[in-house]
Each structure stands twice: as C-alpha cells, then as structure tokens.
Amino acid sequence: MTVLHVENLLTADGWVKSARLFLAGQRIAKIQVGASAEPGDERHAVVVPALSNLHSHAFQRGMAGLAEVRGASTDNFWSWRELMYRFASRMSPEQLEAIAAQAYVEMLEAGFCRVGEFHYLHHDIDGRRFADPGEMAARIVNAAGMTGIHLTLLPVFYAHASFGGKAPNPGQSRFVHDLDGYARLVDRCRELVAMTSLGVVGVAPHSMRAVTPEELGQVVRLLPDAPVHIHIAEQLGEVRDCIAWSGSRPVRWLLDHAPVDERWCLVHATHIDKDEIAGIARSGASVGLCPVTEANLGDGIFPVLEFLAEGGRFGIGTDSNVCISLAGELSLLEYSQRLSRKVRNVVSLGGCSTGMALYRYALEGGARALGVASDGLGEGAVADFVSLSVDEPATVCRAGDAMLDSWLFASTAGVVDCVWVGGAKQVERGRHRHRDQVRSVYKNAIRELCA
Ligand SMILES: [Zn+2]
C-alpha cells in the first residue's frame, strides 16, 4: 500500500495538518490526521483535490495561436470558426490521437484529473463515413488511456447550420449525424469507454443552432441518467438569431422546452438576463465557464456574482485549449469580474479566500457536470489529487488558503508538483511521465498538418 505523509491536506472538511494518506488501488483507504511520517512514507508539503476540466475540444490544441491575426472585417467568433473548420477538415484519426494526447498531458500537468471531451470530429475527410462509427472517438479514448486522465466522453449531435433546421454547410460535413447514426455512435462510445477506468459517457446536443427541438428531445432521452452538455448563449449573434426564430432568448427557451436539471451543463451561458440566471440556478444545472477561450474569442463576461447569489453552480473548462492552464482559467474568471466591476475579491465565500472559493466551486461543479462524485478528499474517495510545491518563489512560506491564492494568482509555472489520477502518479516534479514521447508524436502530427 502506498502511504503519503502530507503537512497540509485539503480534505472535504477543510485543511488538516500532518496527515497520512493510505492509498489502496484507485481510492483513498484511510486518512490519519496529526500523525508523524513513518519510514517509507512519500512526503509532500501540500495536497489538494484535483479539478475536472468540464469542456474540451482536444483537436483545437493543434491550431492554438494560428487565429491571432486580424482579418479584413471585424474579427470575431465566426471568423475564428472558419479557420477551425479548415484545420479540422484535414485531420486524420492518428493526428487527432496525437493532438489529444498532447492536450491531455498539458491538462494533467496543469492539475486536472478528468476531462469532459465535447467530441464532434466524427467522420472522415469530406464527411465520408468510417466503417467504425467510433473511429475518431476511439482516438480520444486511446489518448485519455495513454496519458491516464479520467474521461467523460460527450459525443456531439450536430445536424444543422442554424436555427430552424437549416441544412449544414460543407465545413460541417465531418460533424453531422441523423438521429439513428448518432444513436449508433453513442452505443459505440459506451463500448469504448466501458474498457476504461472510471470513464463516463454523456450526450451533447452541440447547440441550439445545430439541433431542432424534436432532435434535442430525442438526444436527451438516449441516456436517461447521463450528463447532458450543450453550448448556449456564447455569442450575441446567437441570442439574436434565437429570438428571431422563437421569440425567446436561448437559455429561456431551453428552460421552457427541455427537462433541464442536475444532469445538464450549460456551456458558456455568457449572455443571460436576470430571469435566466435565476432559472438556471433553480434547475440545478451547472454552467461550464471557459474564461480563457471566452476571452480569446471575445465572447463576453458571465455574470458570476449574480449567478452565485441565486445559488448557481459552475465548473471550468479549457474549451479551445488555446492555453491550457487551471490557474489561468480561475484567475481570469475572477479578474474579468474585477475589471468590469472595478472591485476586488468578487468570487468569495464567507470564511475563506477568493482562491479557495474559486477552487471549491470548480471542484464541485466540474465533477457534477462530468457525472462523478464531488465530495473532495476523504476515506473511500477516488485518489485524484495534486501536490503543490512550497519551493517556488510564489509559494515559499505559504500554507492553507494562501497556498491556493498564491498558486492561482501569483505563479506562472512550477507550483504543480505531482498529480495522481485514480491512485496512479501521472505527473512528477511537474512533468508527465510520457511527456517527451507524447510531445514528439504531437510535433510530427502538426508538421504533417501544416505542410
Ligand atoms: Zn466549446
């Protein structure tokens, strides 16, 4: 049995000192508080639970940095999407696996233990069908298995270019399904994920643009107890189009016409009014915030203070994976609020620091959105945790909440020391155990794609 001695351990009940953590298989068998280290114990200064990354499009890691040049017209989400479509149109299954593995290594090194992969690159080049409907999904499963990150696979249903069932455009040919084809894909994803450790499969109607109301109902009923993820209200243009189509704003329409509850994760939900804020909070759904991507795409700022005041839940995601950073997502979430409101310490909870509040919300909301328990570290919990170094300039002499604050707000790199996923140490001294190999395969894939 592996035993860790931890000077400061963040448990489900708060910080404890001098704890011995007994690991048995994938779980924490026992926590002994106030105990001295024994010979053979692996010693760590600070251990905190690892977060879930609730929203990723792994393949987009490969185009990070390629969309930062202003075009002829005002550059916005829609011009970025055209570039993304061109990049996706050329990608082979092998290249997808290589890029996903690199993204997952970076997520683990950032301190994430689970990824919600919102997977929509389904078909071969030009939309030709693979013999196996799960050909591309299998590459995501392989990348997760090889890197050791827990996977919640969210196969995406995508059928239309815009509201009202508009036919998909050629750039979307690798994404689209009819309902029967999608049901086969979901079955195949369940087979693939059943072979992984602690994997989960959900369903993901891409957005209200991409599905009709009838299709949305059928997709949500396919897996009655599984997570449901949808992009919503990310762009003002999308809000305008939804009102033109239905007379309602997108989140209002969804709350009125779909069985939105704890299973649901509304990704972005950037543009919501007071009534929608209260409605999401009341429904029990989580909101999936992706602050770095939302900033990169110029989406807007989510009204997090008003949402939390209504009892809302959120988790964080790295979405386009333009820069994979757990600390970057949480600090930008807070900083965007400070900049727009001209005050400090917006996301806070009584009795703890801002960093701790952000971390707790993201821990609970992220796990719930990805269909797993969210109780934090305790006896019987899955051993998903991160050790933090106190040997960095940002963290020397830090403990308790100040440790989280210093990691999230005051460091650039080096604070994440080791990361365990299901009891297996995947990252040590900040480096994933397969970093070099994954990076080499990734670089070859990008050279091919950029040739
Ligand atoms: Zn997304």
Side-chain angles (χ1 to χ4, degrees), residues 52-64 66-67 76-85 87-88 91 96 99-100 103-104 106-107 112 114-122 136-137 140 151-162 171-172 174-176 202-211 219 227-239 250-251 254 264-272 285-302 314-325 328-329 332-333 362 365-366 369-370:
S52 294
N53 175 5
L54 61 63
H55 189 69
S56 159
H57 309 287
F59 78 87
Q60 293 176 13
R61 182 74 189 107
M63 58 170 280
L66 290 179
N76 59 24
F77 173 87
W78 309 105
S79 54
W80 170 87
R81 195 178 72 160
E82 281 308 310
L83 187 131
M84 183 268 283
Y85 283 0
F87 189 76
M91 195 174 291
L96 173 66
I99 295 170
Y104 296 164
E106 293 180 22
M107 288 174 199
F112 289 114
R114 176 174 290 271
V115 59
E117 182 62 34
F118 197 100
H119 167 61
Y120 61 88
L121 193 52
H122 300 307
M136 297 295 259
I140 296 291
L151 176 66
T152 294
L153 183 57
L154 301 158
V156 171
F157 178 75
Y158 202 124
H160 305 286
S162 192
Q172 296 161 340
R174 299 192 72 176
F175 316 155
V176 294
V203 292
H206 177 273
S207 57
M208 285 181 52
R209 301 190 303 274
V211 303
V219 166
V228 181
H229 285 227
I230 186 168
H231 290 129
I232 197 153
E234 178 180 7
Q235 289 288 320
L236 285 171
E238 175 191 348
V239 175
V251 169
L254 196 72
W264 288 66
C265 178
L266 309 190
V267 180
H268 306 301
T270 310
H271 301 289
I272 50 177
S286 307
V287 163
L289 302 177
C290 309
V292 172
T293 295
E294 288 156 9
N296 184 269
L297 296 180
D299 289 344
I301 299 174
F302 178 79
F314 73 81
I316 53 162
T318 59
D319 195 0
S320 70
N321 295 312
V322 62
C323 182
I324 295 172
S325 168
E329 297 291 350
L332 185 56
L333 173 57
L370 296 189

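As the structure lists them, so they are numbered: ligands from 1, and atoms in each ligand from 1. Note that the structure is predicted; figures quoted are calculated from it, not measured.
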**Item:** Value rounded to 0.5 Å, distance of CZ in Phe157 from CD1 in Ile230
**Value:**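 The CD1 atom of Ile230 is 11.5 Å from CZ of Phe157, to the nearest 0.5 Å.
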Nearest heavy-atom neighbours spanning [X] and [Y]:
X: Leu332; Y: Ala295; value: CD2-CB, 3.8 Å
X: Thr318; Y: Glu329; value: CA-OE2, 3.6 Å
X: Leu96; Y: Met136; value: CD2-O, 3.6 Å

**Asked** Going through the checks in order, is the side-chain hydrogen bond (donor to acceptor under 3.5 Å, both in side chains) test met by His55 and His231?
**Response** CA-CA 10 Å; His55 189 69; His231 290 129; 3.0 Å; yes
**Request:** Could you tell me whether the side chain of Phe302 reaches within less than 4.5 Å of the side chain of Leu333, counting heavy atoms only?
**Result:** no
**Asked** Near the Zn ion (ligand 1), which protein N/O/S atoms fall under 2.8 Å?
**Response**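 N, O, S partners closer than 2.8 Å: His55 NE2, His57 NE2, His231 NE2, Asp319 OD1.
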